[in-house]
Novice: 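I'd like to ask you about the structure that follows.
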Amino acid sequence: METRRTKSGPFDGKVTRFFTSLVLPVDKTRTGECDRCGACCEFFVKCPFLKRDESGLPRCGAYVFRPPQCRKYPRSAAEQIHHPCGYRFDKGHE
Ligand code: SF4
């Protein structure tokens, strides 16, 4: 399945997400789970820690040590730029 990316500013909002992930929590309305499409690991600059398992699915080579912007993505609906993504936000409670 192809993942679409919606632009949300310079560098697709990557700089914003870096700083907000340091100080803001994940939105409480977030549900779902990562589908392991790998799209958020490949945009702008492909992460050097992105690996593939035996079945070809993406996996993080630094999962335990991954930084907040990876750990929290997508932190909020406004910062979610990949669709489809396994995570969703309940718009009724934002
Ligand atoms: S968080 Fe979303 S975009 Fe990133 S790998 Fe998981 S399903 Fe794909």
Side-chain angles (χ1 to χ4, degrees):
M1 178 187 306
E2 185 175 330
T3 303
R4 289 177 291 109
R5 198 168 88 199
T6 54
K7 304 236 183 235
S8 58
F11 311 111
D12 290 346
K14 199 172 182 88
V15 175
T16 299
R17 286 191 300 279
F18 172 81
F19 286 107
T20 58
S21 71
L22 296 176
V23 294
L24 296 175
V26 172
D27 190 308
K28 288 186 172 64
T29 67
R30 189 178 84 172
T31 58
E33 59 184 28
C34 178
D35 288 340
R36 295 181 65 191
C37 73
C40 63
C41 312
E42 294 185 316
F43 69 97
F44 193 58
V45 177
K46 182 177 176 181
C47 179
F49 295 110
L50 178 61
K51 310 291 182 207
R52 301 267 169 191
D53 67 16
E54 316 77 47
S55 60
L57 281 173
R59 74 173 177 81
C60 179
Y63 190 78
V64 175
F65 305 105
R66 69 196 189 287
Q69 73 263 31
C70 301
R71 197 173 291 270
K72 293 181 177 178
Y73 185 84
R75 196 193 60 75
S76 68
E79 294 183 5
Q80 185 178 36
I81 65 166
H82 299 96
H83 302 278
C85 171
Y87 291 108
R88 308 168 267 295
F89 295 89
D90 182 353
K91 291 184 170 49
H93 295 92
E94 285 181 290

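Nothing here was measured: the structure is a model prediction, and the numbers come from that model. Just follow the structure's listing: the first ligand is 1, and inside any ligand the first atom is 1.
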Novice: Is there a donor-acceptor contact under 3.5 Å from the side chain of Arg36 to the main chain of Pro58?
Specialist: yes
Novice: Is there a donor-acceptor pair under 3.5 Å between the side chain of Arg30 and the backbone N or O of Pro74?
Specialist: yes
Novice: Count, excluding waters, the protein N, O or S atoms that are closer to atom 2 (Fe) of ligand 1 than 2.8 Å.
Specialist: 1
Novice: Have a look at Phe19 and tell me which of Val15, Val23, Thr16 forms a side chain to side chain contact (heavy atoms under 4.5 Å, CB included) with it.
Specialist: Val15
Novice: Can you tell whether the side chains of Arg52 and Glu42 come within less than 4.0 Å, N to carboxylate O?
Specialist: yes
Novice: Check each atom of ligand 1 against the heavy atoms of Gly38 and keep those under 4.0 Å away; list them by number with element.
Specialist: 5 (S), 8 (Fe)
Novice: Please find the pair of heavy atoms, one from Cys85 and one from Asp35, that lie closest to each other, and give the distance.
Specialist: C-OD2, 4.1 Å
Novice: Could you check whether any side-chain N or O of Arg66 sits under 3.5 Å from a backbone N or O of Tyr63, counting only pairs where one atom can act as donor and the other as acceptor?
Specialist: yes
